[in-house]
Amino acid sequence: MPLRELVVALFVLGAIVLSWPFLTIFNRAWAVFGIPLLAFYLFAVWLAMIGAAFWVTRRLDSKP
Amino acid sequence: VSWLGYGPLLSIVVGYLGFLFGVAWAAERSRRLQGPRLRMLTYVLAASVYCTAWTFYGSVGLAANRGLEFLTIYLGPALVALLWPFLLGRLVRVVKEQRITSVSDFISSRYGKSAPLGALVAALVALGLIPYIALQLQAVSQSFKLILGRETTLAVSDPTLLVAMVLGVFGILFGARNPDFTRVQRGLLSAVAVESVVKLLAFLTAGAYVTWGLFDGFGDIFARVLAHPELSRLVTLGSPPSASFVRWGALLFISMMAVMFLPRQFHVLVVQNEAESHVRAAAWLFPLYLFLINVFVLPIAFAGLMRLPRDQADHFVLLLPLSAGAPELAVLVFLGGFSAATAMIVVDSLAISKMLTNDIVVPILLRFRIGDIYQASLHAMRLCIVVVVFLGYVWAAMVGSQFLLVEMGLLSFVAVTQCAPAILLGLGWPRGNRRGAFAGLSAGFGLWFYTLIVPALVKEDVLPAAILSDGPLGLAWLRPTALFGLEGLDSVSHGLFWSLLVNLTAFVLVSLATRQDAEERLQAAAFTGRFPGEGGAPIGRSVLSPPELERLVQHYVGGSEAAVLARELLGDEPGRERSLPERLELRIRLEKRLAASLGAAAARFIVEDRFALSTGQAEQLVASFQELRHSLRTTEKEARRTEHRLASVEAKIRRLVDSNIIGVLIWDVDARIIEANDAFLDMVGYSRADLLTGGIPWIEMTPAEGRAQDQRRNAEIKATGRSRPVEKEYVRKDGSRVPVLVGAATFEGTRDEGVAFVLDLTERKRAEEALRKAQAELTHVTRVATLGELTGSIAHEINQPLGAVVNNAGACLRWLAAENLGEARQSALRVIADAHRASEIVGRIRALAKKTPPQKDWLDINDTLREVIVLAQSEVQGNRVTLRAHLAGALPPVWGDRIQVQQVVLNLLVNAIEAMSGVGDGPRELSVSTATGDSSDVVISVRDTGPGLEPAVLSRVFDAFYTTKAGGLGMGLAISRSIVESHGGRLWATANVPRGAVFQFTLPTAREMSEDPGTLGGHP
């Protein structure tokens, strides 16, 4: 898949998982590894986005 | 807890600022600090100027009050950063290409380099951002207050003012030293990057201290929070969920826009970008920075909530170490917050100053025709920085409310978001135009002010509260926080919804409804890569020659800068002549180069204004244009007229050719017939196919004996282009011949082709033949009639020898009887001679009476006359006329027909005798004479002494059917004259002296030129 479309797809996916109604899934006063579920989820998504951006950057940098 | 005095704190602050100056100074000079990795890191860390005091202090405050909501401000950027390799890369390319210096410059440039649009954006963004700067100064002031442990107010004695002033100087020194904003401000960026490191380290240290120093790690803190009935609500999104989620989404969106289009973000991320690879690095490093700086926000917030009063939430970061007895850490935190605030103030004030300078101040200066605009703009920008920082300080001193620390940040985000449609659609939608952008931005900012700023002003007691509760003038549906009755939303979502909706709608609708001018189309194409709508590319209007460029640069830039700029643009050979495309290129490069310093609108104004046409020139141009159009129209009209005329001429010629009255053919020198009409084809009996295929060269249609003539006429045509019409014959397809009259001419401009006109002479020849026959008949009849008149004379003439024969025969008999043989023999010889004489006479009469075709020969005119005179002899004697012949000797022979000449003479003799027969007394003398004429002819005269001719008769005597004799036909003299004329002579009558008439005629002694046509050849 061309990288540009992939990036747009990732962006849309990120926007979905960071918005209502998807967030309601994690909107509970639970704890994961001692951390509140929603906070944990958001930071996890955040790290995933950083990872995705890193991967995209590597792909782009390796291309001329 | 006042362990730190005012003096030491001040020295720390001043020392830190000095350190930053040093960093900036070193970064600009040291090559070691300019390695590629370091530059990339500098770029990413400088972009982290996004995290201001609002982040540093405010995030914790926000988290303490509203839970996880603060994360949206960083999740949004992290999300949009995924798109940066493409979106921001694209933005960077356009900005570099167009030498754009700010957000307002971008919008102005995109929409036709519109100065009013740029001014609008600059003014509104400044309006939205100056409170944000005030916020930073307030945060600095607050941190001073807290760390000093005493109440201070923002006053002259407050170090905040000093800080503000120092920041202004820093901005001037490292940002506003050069008006060209496309140059990398390495010192400034490095200092900002260092500050980003300091604020991150400070926050992480504080977070670690709180988490592991004051508590037993994340688990400990969160466990307490989850166990706490009130605090546990903060780890989920609150109720009512809908409002909360809407606000969540709204904040996510505005932070996405803000991270790119806030003046400081645009300046660092886009304008100051050095390489696209930096954008890609920032796409993951920048979200990572945001991640790190947010990791400890929740623990600090919860720790603060558990240990400190809630209303101090905005300063938990500083207060926790202070209250826990870690003042050194507190100083570090203070420096972190100080870094966050100062970095923001420096970069934002610089970016806003640039916008204000380029889009408001410079256009005004240009209107006033300030010459050295380059230096003037630099001074203006420095002044603007001071003014912006000072305005921020004044705002902070006057408002001083805690409410704004959080809300004001969001309000400026929403303000900046108003620029997003114009920028993003400007990159992707060619049809978006200036009017649309103007309408969208005006409407968007208007609603931003009404729905967000008005409520803020109410809270600050600037406006009456009734506006919020009852609406302006009591119009409830116009309440700023529930516009058109839209309730249930928080104020930011509500304001964002209305402002962005109206902004987008106005932008799109107005863009669709209005047209773009040439400059807009050009810029739309440059920004989107596509030309809007139909039609070709607009054409650049002005071009620059090197001397013009030097003059222009000298006038507007001035000084040593001008020389540098001119050299940069003109290269090594400034004096070289440039072609038109090169000069256009020169203009474009100059405009961009100026745009880098003065902004797109001003640069365009300078380049266009300098070479705008004067009124006189414009009139001249219009006049010459009209002239051109007029002459074009005239030419067109003339062409149409000529075409018309040609068509009618062609029609006429076509008619002439196709009417087939005469034969027309087009020939060439290779003897081909290129075209022939039906008349010609009928004449020669060939079909068109026979001729036009070139199978029958016209030369072969001429009979062999005419070929020589053809050659002569070819030569004539070659020499003169035409040949006289001549009669000739063509050989028809069936072998018969057709007499024709042919005229030929070559076409104008060529000797190889021509036209020939061929007239069929068959009918004429036939008519001529018939006439000739009739004339011959008539001649013969007349001759016989004349002979008839001489019958008596002729009988007498024949009788004489016959009588002599009888006499001599009788004498012969008598001599025989006398047996005188000698005498008898003599008598017999005389009988033979007389018989011969009689026979001769009869022979001549027979010849005259006989119908013979004319036959010309060389004649002895005297012999010819004598033979006739003999015939008339007895008639003469019978009428008692004396006839004398005076025949001149040694006359040259004449060319003629013997019988016809004798007919003429005989006719004249008979007429003379008849005329004299009626004369009663006086001599009757008839004389016939011959003589040489004037030049080459012989004159024959017949004189009588009759009654002569009346003048009236004289003029008619040669007419046909005119006669003075009772029984005459009236044809004699008419025939005689036509005979003489056909011999090339003349016949005329005059009066004789003393009486009577003289008839004379001439006969040529040389062969006449009028020859029979049968021997003539010719051209086709």
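Chain letters run A, B, ... following the sequence lines, proteins first and then strands; every chain starts at 1.
- In this structure, chain A has heavy atoms under 4.5 Å from both the backbone and the side chain of B:Leu290.
- Of the atoms belonging to A:Val56, it is side-chain heavy atoms, and not backbone ones, that fall under 4.5 Å from chain B.
- A 4.5 Å side-chain heavy-atom check between B:Phe245 and A:Ser19 finds every atom pair outside the cut-off.
- With a threshold of 4.5 angstrom between heavy atoms, B:Phe86 approaches chain A through side-chain atoms but not through N, CA, C or O.
- When the candidates B:Leu288, B:Val80, B:Leu83 are compared by the number of heavy-atom contacts under 4.5 Å with chain A, B:Leu83 comes out ahead.
- Taking B:Val235, B:Thr72, B:Val225 one by one and counting their heavy-atom pairs under 4.5 Å with chain A, the maximum is reached by B:Val235.
- Of the listed residues (B:Leu79, B:Leu75, B:Leu298), the one with the most heavy-atom contacts under 4.5 Å to chain A is B:Leu79.
- Residue contact with chain B, scored on non-hydrogen atoms closer than 4.5 Å, involves the backbone and the side chain of A:Val8 alike.
- In this structure, the separation between CG on B:Leu237 and CG on A:Leu23 is 6.5 Å, given to the nearest 0.5 Å.
- For B:Asn294, the parts lying near chain A are the backbone and the side chain together; criterion is any non-hydrogen pair under 4.5 Å.
- Contact tally against chain B (heavy-atom pairs below 4.5 Å) for A:Leu10, A:Leu47, A:Leu37: the top residue is A:Leu47.
- We find the CD1-OH distance between A:Ile50 and B:Tyr289 to be 13.5 Å, quoted to the nearest 0.5 Å.
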I'd like to know whether A:Phe11 forms a side-chain contact (heavy atoms from CB on, under 4.5 Å) with B:Leu87, so could you lay out the CA-CA distance, the side-chain angles of the two residues, the decisive distance to 0.1 Å, and finally the verdict. CA-CA 12 Å; A:Phe11 173 78; B:Leu87 180 64; over 6 Å; no
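- For the set A:Phe26, A:Phe54, A:Phe33, the count of heavy-atom pairs under 4.5 angstrom toward chain B peaks at A:Phe54.
- In plain terms, the two heavy atoms of B:Trp248 and A:Leu18 that are nearest each other are NE1-O, 2.6 Å.
- Just one residue in the list B:Phe291, B:Tyr74, B:Phe218 forms a ring pair (Phe, Tyr, Trp, His ring centres under 6.0 Å) with A:Phe43, and that residue is B:Phe291.
- Remark: the backbone N or O of B:Ala281 is not paired with any side-chain donor or acceptor of A:Thr57 at under 3.5 angstrom.
- Not one N or O on the side chain of B:Trp84 forms a donor-acceptor pair closer than 3.5 Å with the backbone of A:Ala53.
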